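See structure below.
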Amino acid sequence: MSGLNELYQQVIVDHNKKPRNFHALDNPSHEAEGFNPLCGDHFTVYLSVDKNDIIQAVSFTGQGCAISTASASLMTEALTGKTIAEADQLFHRFHDVVTKDESTETESLGKLAILIGVKEFPARVKCATLAWHALQGAIHKKQQPATTE
Ligand code: ZN
C-alpha cells in the first residue's frame, strides 16, 4: 500500500506545484468563490458552459494548501467536456467517497480517487472538497460565497 500512497502523493505534489487551468476565464458563464476558513483556502472557480450545458472550460484562481490546490486542479481536468448534470453527479460521488465510510466505489472517479486518503483527516476533507463546493455555487448560482463551514 505504501507504494500506492507514494504515487498518490506525487500526483498531489505535481498538481500543487503546477496546477492545471490555473487562471481566470475571460467571459465565464458561471463563477463563484469558495472559502475554507479552517485552513485559509480561498478559490474562485470559473466555468464556460455552452448552450447545450456542456462545460467547455473550467478554471480557478486563488490560494490554498497543497490538498485544496491539487483537488481544484484535478477537478478542472475531470470536468472539461462534461455536462452540468454529469458535473453534479461527479461532485456527489466524490463527496460521498471522501466523507462516507461505506462509500468506496472509486472506479468511476478516475484520478480524483487519489484524494480518498483525506477521508482519515476530517479537516483535510474540507480542503479537498472546497473547489467542488465553489463549483456547486457557480452552477447553481448561489448568492453567497461557498464555505466549507
Ligand atoms: Zn487546506
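First listed ligand is number 1; within each ligand, the first listed atom is number 1. Residue numbers count from 1 along this sequence. The basis for the numbers below is simple: all heavy atoms, side chains too, and nothing from hydrogens, waters or symmetry mates. Quick caveat: nothing in here was measured; it's all calculated off a predicted structure.
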Looking at [Y], is its backbone amide N or carbonyl O close enough to the side chain of [X] to form a donor-acceptor pair, meaning the two atoms are under 3.5 Å apart?
X     : Y      : result
Asn36 : Leu130 : no
Ser71 : Ala131 : no
Thr69 : Ala66  : no

Open item on the list: Would you say that more than 12 heavy atoms from the other residues, nucleotides or ligands in this model lie under 6.0 Å from the CG of Asn52, or not?
Closed with: yes
Open item on the list: Taking 2.8 Å as the distance threshold, tell me the number of protein N/O/S atoms next to the Zn ion (ligand 1).
Closed with: 5
Task: Salt-bridge present (Asp14, Arg20; N to O < 4.0 Å) - done: yes
TODO: Verify the ring-centre separation between His23 and Tyr46: is it less than 6.0 angstrom?
DONE: no
